[in-house]
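Notes for the one structure printed next.
Each chain gets a letter, A, B and so on, in the order its sequence line appears, and its residues count up from 1.
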Amino acid sequence: MDDSSSHDGSDSIDWNTEDELEITNILSPSSASMSTTTNAAVTTELRESSSSSGYPSKIVNDFIKMGFPEVMVTKVISELGENNADAILDTLLTYSVSFSYAFSLCLFDYIHDYKALQIVDEIPQQENRPSQENRPNDQNINPQSNFENEFSDFDSDFSDEDTDESSEKDDPEVSLIDMGYSPEEASAALKRCGKDAPLSELVDFISAAHVSKAADAEMDKLYFTSHIPKKDKKSKLQKGKNCSKIENTGIKINRKRSYDDVDDALHLPNPMIGFGVPRFSCQVVNRDLPKEAIGPPYFFYENVALTPKGVWATIQSHLYEIKPEFVDSNFFCAAARKRGYIHNLPLENRFPIQPLPPRTIFEALPETQKWWPSWDERVQLNCVLTCIGSAQLTDRIRIALDKCDGEPNLHVKKYVIGQCKKWNLVWTGKNRAAPLEPNELELIMGYPINHTRGVSRSERYKGLGNAFQVDTVAYQLSVLKDLYPEGINVLSLFSGIGGAEVALHRLGIPMKNVISVEKSEVCRGIIQGWWEQTNQKGNLIHISDVQEVTDRKLEGWIRSFGGFDLVIGGSPCNNLAGGNRRTRDGLEGEHSSLFYDYVRILNTVKCIMGSN
DNA sequence: GAAACCATGATAACTCGT
DNA sequence: ACGAGTTATCATGGTTTC
């Protein structure tokens with residue numbers, strides 16, 4: 001469909017026309033060095049535009065055009081000045097998370113007077129903020145190393161102001177009440193955060209409590225309320241398919257719904273931050289898990305968020321009705337990755353792997369900045385997939401751009417940007433948009449560089465495209481560190497390239513025994529290589545087929561190890577993923593139905609451990 | 001209507017053992 | 001040189017949500 005637009009013939013541009021002369025010219029080093037538009041990076045463009053006078057300045061408009069709210073742009077620019085576009089962009093990117101979250105809260109009608117928005121609005125009015133000259137750290141933000149400080153910069157801004165207010169410093173409870181919070185809320189926040197906590201943290205806590213309460217109510221309302229679908233066209237997935245496989249297995253299923261009553265739309269959270277992400281301490285710290293779901297063993301299940309209708313409802317129904325935690329990894333790294341996680345892990349005191357990974361394209365891939373066109377406004381990548389754009393596509397893009405004298409027209413821009421987003425291309429030369437290299441994907445996905453080295457290029461892309469984003473998963477698993485200081489026994493299903501193992505290792509959680517179930521020999525080799533290279537002390541046992549994980553074997557392992565502390569895995573998404581044109585058959589598809597083996601194994605483990 | 005999406009399969013090109 | 005197996009390359013929509 002996307003490509004058809006390039007053949008419509010309605011435009012003067014013929015995307016498929018080969019022009020060898022132009023290609024030759026562009027490929028020559030001299031022509032590349034002659035580029036007059038080398039200051040193509042967004043921030044460079046903005047930096048140049050910022051020198052112009054007038055209000056609102058071009059830089060303000062440019063950031064607004066990038067999608068940032070005007071109030072936020074003007075606030076940040078008033079903070080940082082117009083001369084440091086990098087810092088402005090970084091701050092906006094991070095702050096937008098907070099802002100959009102706050103904005104989304106407006107959806108909950110009973111917190112219409114949400115205080116965080118008041119805080120946001122108040123910021124530009126405050127005159128006693130530290131000047132840019134007094135904040136050298138903000139002036140020279142190093143995109144390579146300072147990312148982790150972004151949000152704390154904002155927090156510290158609040159804190160600085162707080163300390164200027166002696167009354168607040170003396171009695172934060174009074175300050176909170178003055179801000180409109182109830183005495184109960186203020187008291188609870190102080191009890192939870194401590195009396196010395198900065199005001200911003202206290203506000204955050206109260207906001208989080210609001211969110212928790214609102215989200216619970218809203219989620220209950222949204223998840224499974226039935227409505228009549230408006231579309232006439234029936235999904236090929238939603239009707240007439242039952243979980244015959246499960247029923248045949250005889251496994252006890254906590255099934256409350258059929259497909260017929262779960263075909264309503266799943267409302268994914270926006271922003272997709274689950275129970276909270278780093279830099280935004282808006283966490284739901286308590287949730288009521290069903291008794292039978294409470295660990296140990298802890299379990300952690302993952303799959304794509306954007307499934308055909310009804311899939312997550314079915315998954316949830318087989319996993320103790322625990323609501324999925326939907327998180328987009330773009331809050332952790334430079335690429336989007338919208339995933340749902342169902343787990344019974346505690347939510348309190350999560351922490352991310354340090355240092356926090358780069359979260360923008362320029363920070364992750366600084367060499368691309370040199371070639372980045374000003375009109376490509378992407379600051380993060382789309383989801384890492386299992387295959388990459390073709391070399392011919394890169395050629396088509398280059399030819400199209402070469403034909404333009406100076407900045408391309410809107411039609412060309414639209415085509416190029418569309419393809420860049422679709423295929424996650426980055427700028428690696430003049431008019432050259434190319435796919436990411438495997439080692440770049442390893443960086444973005446949180447794996448050691450060369451983690452997948454030694455296998456074919458296709459296998460590397462496939463493995464990484466199917467993998468956990470390590471930082472995202474690690475954040476959720478981090479609570480295990482205090483629970484199991486001596487290490488854990490892990491049953492890792494559908495291990496892939498070992499995302500769970502890498503996450504635990506990077507968290508500093510020792511693995512005593514790992515049963516790793518993975519069909520692909522290539523992936524098993526990658527895990528084994530990593531296991532040896534990182535000098536793991538524990539035992540790693542490979543199982544090639546999930547069907548080999550029988551009750552008897554589970555019983556043997558449990559008797560031998562004393563039980564599994566964590567059952568973790570993301571079952572195949574092949575038949576769920578939006579990229580699948582041919583066999584997106586839903587949870588009953590050839591590959592994705594292996595989810596039921598996850599359920600089977602988890603139930604067996606719990607049963608054996610419970611009886612012990 | 002725009003945007004996004006842990007993909008699949010056909011075929012060409014390549015590798016390697018005989 | 002041959003052939004089997006492996007790897008690289010490319011084109012291919014549709015569902016879902018906002």
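- Counting any heavy atom pair closer than 4.0 Å across all strands shown, A:Q392 reaches sugar-phosphate atoms only and no base atom.
- A donor-acceptor pair under 3.5 Å is formed between the side chain of A:R581 and the backbone N or O of A:G579.
- The distance from atom NZ of A:K422 to atom P of B:dC6 is 15 Å, rounded to the nearest whole Å.
- Side-chain contact of A:Q316 with A:Y301: a donor-acceptor pair under 3.5 Å is absent, judged by distance alone.
- For A:R582, no side-chain nitrogen or oxygen approaches OP1 or OP2 of C:dA11 to under 4.0 Å.
- Using bins of under 30°, 30° to 60° and over 60° for the plane-to-plane angle, the ring pair A:F299/A:Y320 lands in the tilted bin.
- Rounded to whole Å, atom P of C:dT12 lies 18 Å from atom CG of A:L385.
- Comparing A:A391 and A:G578 by the nucleotide of DNA chain C that holds the closest heavy atom to each, the one mapping nearer the 5' end is A:A391.
- In this structure, A:R337 reaches the bases: a heavy-atom distance under 4.0 Å links it to at least one base atom across the strands shown.
- Closest approach of A:R524 and A:E518 over heavy atoms only: NH1-O, 2.9 Å.
- Close placement of the A:W372 and A:F362 rings is indicated, their centers lying within 6.0 Å of each other.
- Ion pairing between A:E407 and A:K413 holds under the 4.0 Å rule for side-chain N and carboxylate O.
- Going from atom CH2 of A:W423 over to atom P of B:dA3 covers 17 Å, rounded to whole Å.
- The side chain of A:S456 contributes an N or O atom lying less than 4.0 Å from OP1 or OP2 of C:dA8.
- Rounded to whole Å, the distance from CG on A:D585 to P on C:dG14 is 14 Å.
- For the pair A:R460 CZ and C:dA8 C1', the interatomic distance rounds to 15 Å; values are reported in whole Å.
- Within the 4.0 angstrom heavy-atom criterion, only backbone atoms of the sugar-phosphate kind lie near A:C383; the bases stay farther away.
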Practice task
Take A:R453 and A:E442, measure what salt bridge (charged side-chain N to carboxylate O under 4.0 Å, His left out) needs, and give me the verdict at the end.
Solution key: CA-CA 10 Å; A:R453 191 175 179 179; A:E442 287 164 347; over 6 Å; no

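- Atom CG in A:N580 sits about 6 Å away from atom C1' in B:dT8, given to the nearest Å.
- Proximity note for A:K309 (side chain, C-beta onward) versus C:dT17, B:dC6, B:dC5: the nearest is C:dT17.
- Scored by the ring-ring contact (aromatic ring centres under 6.0 Å, His included) test, A:H542 finds no partners at all (sequence neighbours excluded).
- Taking atom P in both B:dC6 and C:dA11, one finds a spacing of 22 Å when rounded to whole Å.
- No side-chain N or O of A:E590 forms a donor-acceptor pair with one of A:N575 less than 3.5 Å apart.
- When rounded to the nearest whole Å, the span between CG of A:L576 and P of C:dG14 equals 19 Å.
- For A:K338, whose side chain is taken as the heavy atoms from C-beta onward, the closest listed nucleotide among C:dC10, B:dC5, C:dG13 is B:dC5.
- Relative to the side chain of A:S458, the nucleotides C:dT12, C:dT9, B:dC6 differ in distance, and C:dT9 lies closest.
- A:F326 pairs with exactly one of A:W312, A:F331, A:Y341 by the ring-ring contact (aromatic ring centres under 6.0 Å, His included) rule, that one being A:W312.
- Distance noted for atom P between C:dC10 and B:dC5: 22 Å (whole Å).
- OP1 or OP2 of B:dC6 has not a single side-chain nitrogen or oxygen of A:T386 nearer than 4.0 Å.
- Residue contacts shown for A:S571 include a base, since a base heavy atom lies under 4.0 Å away.
- Following rounding to the nearest Å, A:Y461 (OH) and C:dT9 (C1') show an atom-to-atom distance of 12 Å.
- Among B:dA7, C:dG14, C:dT7, the nucleotide with an atom closest to any side-chain atom of A:R584 is C:dG14.
- Residues A:F468 and A:I568 form a side-chain contact, since some pair of their non-hydrogen atoms from C-beta on lies under 4.5 Å apart.
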Practice task
Represent DNA chain B in dot-bracket notation, 5' to 3'. Only Watson-Crick or G-U wobble pairs with both distances under 3.5 Å count; pseudoknot-style crossings use [ ] and interstrand partners use |.
Solution key: |||||.||||||||||||

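- Along DNA chain C, the nucleotide nearest to A:R457 and the one nearest to A:L306 differ in position, and the one closer to the 5' end is contacted by A:R457.
- Listed nucleotides: B:dA7, C:dT15, B:dA4. Nearest to the side chain of A:K421: B:dA4.
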Between protein and nucleotides 14-17 of chain B, what N or O pairs are separated by less than 3.5 Å?
none

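- When the side-chain nitrogen and oxygen atoms of A:T307 are compared with OP1 and OP2 of C:dT16, none of them lie within a distance under 4.0 Å.
- Counting non-hydrogen atoms under 4.0 angstrom, A:G570 reaches a base of the nucleic acid.
- At least one side-chain nitrogen or oxygen of A:N382 sits closer than 4.0 Å to the OP1 or OP2 atom of B:dC5.
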